[in-house]
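One structure is given below, encoded as structure tokens.
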Amino acid sequence: MRIAILPDEATIASVAADRIEALYQRKPEFVIGLATGSTPLPLYAELIERYKAGRLSFAHARSYNLDEYIGLPEDHYEGYANFIHRNLVDHVDFAPGAAHGPNAWTGDSHAAAAAYDQAIKDAGGIDLQVLGIGSDGHIGFNEPAGSLTSRTHVGVLTDQTRRDNSRFFDGDITAVPTHCITQGLGTIMEARENLMIATGENKADAVRELIEGPISQRWPATILQMHDNTIVLLDRAAASRLEMVDFYNEVWEKEQLPL
Ligand code: PGA
């Protein structure tokens, strides 16, 4: 795991976008995994700017969202496919039909989850997966106590997560769905690169466990310790409960030096 503690969200967005731009340069037909939530929004804004500046193109790329709520109308503003379209896909040059998400409207979400897992495999797997982290340590909607090797599946949203997400539903937790389809931890672990972003004090406990805790289904994101190409971009608030900040800063600075 490579860890960068950066001064602000703009710097995080820039460092994250550099990795996606580098991926585009070596593989224009890249497959990107997209996360929803507040955290990646500055990154998506930066990607739109770089697209407009001619620095990268999504014309040959495909995207696969991490998760989708079950139970919202398909055109609901907070549906995750709609979120991704509104905040990224509609502003860049993805080909029609190239942006994918779990289909939570088929009437058989278990079958839809399995089909989505297979679709990612059929696409050749995800080159780079953007990840946020929940305050309870989830990635995607893989909540505590789920299998660390799960495939894309129907999951339950804990009340902690529903409370965290109620800000998108006028503060009404009862409006937040109780179920979702989410890429599993085993699915996420097959991404060739994971790019985790965590900002804000609210994430400090989860970040401490992610980096310095034991691998445990109590904190599902800790499985990323077993991934050989994961980068974690943090602001100082999210990093505030880490024990070895000086060490991470030293390693990151040395990694930026030319060999
Ligand atoms: P957030 O959500 O970016 O809105 O904090 C992250 C997550 O729940 O994975």
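Sequential numbering from 1 along the given sequence is applied to the chain's residues. We count ligands from 1, going down the list as the structure has it; atoms in each ligand are counted the same way.
- E190 has a carboxylate O that lies under 4.0 Å from a charged side-chain N of R151, or vice versa, which qualifies the two as a salt bridge.
- Taking the six-membered ring for Trp and the full ring otherwise, F83 and Y77 have centroids separated by 6.0 Å or more.
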Nitrogen or oxygen contacts under 3.5 Å, ligand 1 side and protein side:
{"residue": "ligand 1", "atom": "3 (O)", "partner": "S38", "partner atom": "N", "Å": "3.2"}
{"residue": "ligand 1", "atom": "3 (O)", "partner": "T39", "partner atom": "N", "Å": "2.9"}
{"residue": "ligand 1", "atom": "3 (O)", "partner": "T39", "partner atom": "OG1", "Å": "2.4"}
{"residue": "ligand 1", "atom": "4 (O)", "partner": "S38", "partner atom": "N", "Å": "2.9"}
{"residue": "ligand 1", "atom": "4 (O)", "partner": "R167", "partner atom": "NH2", "Å": "2.8"}
{"residue": "ligand 1", "atom": "5 (O)", "partner": "K203", "partner atom": "NZ", "Å": "2.6"}
{"residue": "ligand 1", "atom": "8 (O)", "partner": "H138", "partner atom": "NE2", "Å": "2.7"}
{"residue": "ligand 1", "atom": "9 (O)", "partner": "H138", "partner atom": "NE2", "Å": "3.4"}

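- Of the residues listed (L131, I84, L43), the one engaging L34 in a side chain to side chain contact (heavy atoms under 4.5 Å, CB included) is I84, and it is the only one.
- By the 4.0 Å N-to-carboxylate-O rule, R50 lies close enough to D18 to be salt-bridged with it.
- Taking the six-membered ring where the residue is Trp, Y69 and F169 present perpendicular rings, their angle passing 60° and hence far from 30°.
- Note that the CD atom of E68 and the NE2 atom of H179 stand 15.0 Å from one another [nearest 0.5 Å].
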